[in-house]
2 protein chains.
Amino acid sequence: MATGNANSTVRTSYRHGDLRRALIEAGVDLAREGGPAAVVLREATRRAGVTPNAAYRHFADRQALLDAVCSSCQALVAYSIEADQAQVTTTDPVEAARLRFRAVGTGYLRFALEQPGQFQTAFSASSDMESATSSARAGASGLTPFQLLSQALDDLVTVRLLPPERRPAAEFLAWSSVHGLAELFIDGPLRALPDAVKQTLIVRVIDMVEKGL
Amino acid sequence: MATGNANSTVRTSYRHGDLRRALIEAGVDLAREGGPAAVVLREATRRAGVTPNAAYRHFADRQALLDAVCSSCQALVAYSIEADQAQVTTTDPVEAARLRFRAVGTGYLRFALEQPGQFQTAFSASSDMESATSSARAGASGLTPFQLLSQALDDLVTVRLLPPERRPAAEFLAWSSVHGLAELFIDGPLRALPDAVKQTLIVRVIDMVEKGL
DNA sequence: GCTGATATGTAGACGATGTCCACATGTGAG
DNA sequence: CTCACATGTGGACATCGTCTACATATCAGC
């Protein structure tokens with residue numbers, strides 16, 4: 001095997017340098033190609049040009065690696081949301097808050113459709129409320145997808161588009177709808193729908209949330 | 001090994017009798033105990049008191065077995081919905097339609113909370129629109145969970161609680177919300193919530209759907 | 001009732017995976 | 001310079017899905 005390395009840099013030293021990061025990156029690639037089930041420890045080490053056991057110096061077991069990959073994938077979701085939010089240019093603060101709220105949904109669902117494997121991986125590992133706010137899962141703004149949604153809802157209250165008494169737990173209602181649609185799209189019965197119809201459904205679901213919240 | 005059998009009936013003949021059914025039932029048990037990943041072909045054959053390869057006389061591969069188990073689990077979801085719907089006793093047809101619609105959501109989510117493993121398995125295998133209406137996934141009424149939802153929405157239109165122009169694709173909006181909440185409950189950030197809070201969220205999500213549809 | 005084709009189950013093997021234990025070798029602190 | 005520790009290697013094991021033979025039970029047709 002020696003320095004046999006499939007990837008970018010050929011390892012010159014005995015030490016890898018940053019194996020932990022390399023394994024996570026390989027895992028993210030695997031997730032893109034085949035979802036969480038494809039995040040295989042041995043294959044990740046293979047791509048990092050390293051023996052399977054080397055992974056155990058950085059991760060307790062495969063699940064720990066998958067957790068780290070999951071966090072990285074959630075950060076990608078955050079970036080996708082931020083990208084959609086950045087396109088809001090209205091100067092009207094009320095309309096801006098409304099559109100930035102909707103952008104959470106569209107960014108989330110756009111990512112789910114563009115990178116289904118990574119999307120599934122992002123929410124495959126069982127995460128609790130604590131890890132939903134971990135900084136490892138944040139985007140450029142330092143906020144996780146969940147926190148981006150919370151903030152958008154707070155802003156909705158600020159501009160009086162959402163009555164304060166309906167604010168509590170609103171993130172779970174909104175998240176449920178959007179996340180459920182993503183699941184139906186990815187491996188649910190809506191998988192085969194033409195893209196235009198999917199886009200229509202996205203708009204309608206977000207309409208429903210906005211109206212029903 | 002001979003007639004070594006862990007389950008109910010000891011196999012007396014060389015032939016098993018109904019191995020296909022036995023494997024599916026073992027698979028459903030495994031799903032209850034550990035979700036789709038726990039539906040392991042070899043373990044299912046072990047529980048059926050049979051050699052691993054015997055399964056290949058009835059299923060093309062593990063995925064085929066998992067698909068069958070998935071169908072059985074979806075039937076369980078249908079039964080759960082029907083159970084909740086059966087509790088609606090109002091004589092007022094309008095209120096009855098409304099409550100039967102809500103019962104789709106409560107029955108669905110009650111099953112998700114009571115049998116998370118089977119619930120996840122029910123929607124793990126990638127199903128398309130065709131399999132969502134397969135009779136193997138139906139409950140006592142002969143309807144799949146998806147069809148029960150569609151019927152409830154049709155009834156909502158009949159009693160004029162839902163304008164006909166908003167009927168198209170409404171099942172996907174409602175399903176998204178309820179299914180998404182189930183996912184957040186089972187291995188999302190809402191996993192650790194006390195049961196009472198979960199019940200409140202269920203009511204609120206269904207409220208949102210009813211209001212926003 | 002016999003016989004042979006077919007359905008069903010068995011036996012053994014292979015490659016892949018996660019993971020364990022023992023060992024080797026860089027690297028940095030003293 | 002040396003030695004402890006961090007990091008990677010090598011080999012092994014159990015389990016899993018699946019393949020290729022092989023064996024036996026059951027039923028159709030004579």
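Residue numbering restarts at 1 for every chain, and letters A, B, ... go by the order of the sequence lines.
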Whole angstroms only, please: what is the CZ-P distance between F59(A) and dT7(D)?
12 Å

Filtered N/O pairs between nucleotides 3-6 of chain D and protein, under 3.5 Å:
{"residue": "dA6(D)", "atom": "N3", "partner": "R15(A)", "partner atom": "NH2", "Å": "2.8"}

Which of dG8(D), dT18(D), dG9(C) is nearest the side chain of D61(B)? It is dT18(D)

Keeping Q118(A) on the side-chain end and C73(A) on the backbone end, is there a donor-acceptor pair under 3.5 Å?
no

Tell me whether the side-chain N/O atoms of H58(A) come closer than 4.0 Å to OP1 or OP2 in dG8(D).
yes

Identify all pairs in which a protein N or O lies below 3.5 Å from an N or O of nucleotides 13-16 of chain D, and state each distance.
{"residue": "dC16(D)", "atom": "OP2", "partner": "R46(B)", "partner atom": "NH2", "Å": "2.6"}

Main-chain N/O of L76(B) paired to S80(B) side chain as donor or acceptor, under 3.5 Å:
no

Ring pair (Phe, Tyr, Trp, His ring centres under 6.0 Å) filter on F119(A), not counting sequence neighbours, yields Y108(A), F123(A), H179(A)

To the nearest angstrom, how far is L65(A) atom CG from dT19(C) atom C1'?
14 Å

Quickly work out the L19(B) CG to dA25(D) C1' distance and round it to whole Å.
15 Å

Within the structure provided, determine whether Q199(B) and P194(B) are in side-chain contact (heavy-atom separation under 4.5 Å).
no

Separation of dT7(D) P from L23(A) CG (nearest whole Å)
13 Å

Has the side chain of N53(A) got a donor or acceptor that lies under 3.5 Å from a partner of the other kind on the base of dG18(C)?
no

Between OH of Y56(B) and C1' of dA7(C) the distance, given in whole Å, is 19 Å

salt_bridge(R102(A), D84(A)) N-O dist < 4.0 Å:
no

Can we say R47(B) and E25(B) salt-bridge, meaning some charged N sits less than 4.0 Å from an Asp/Glu carboxylate O?
no

Could you tell me the separation between the CG atom of D61(B) and the OH atom of Y56(B), rounded to the nearest 0.5 Å?
7.0 Å

Without hydrogens or angle criteria, can the side chains of D155(B) and Q151(B) be said to hold a donor-acceptor pair below 3.5 Å?
no

Return yes if some donor-acceptor pair links the side-chain N/O of Q85(B) with the main-chain N/O of R100(B) below 3.5 Å, else return no.
yes

Rounded to whole Å, CZ of R57(B) lies from C1' of dT20(D) at a distance of 11 Å

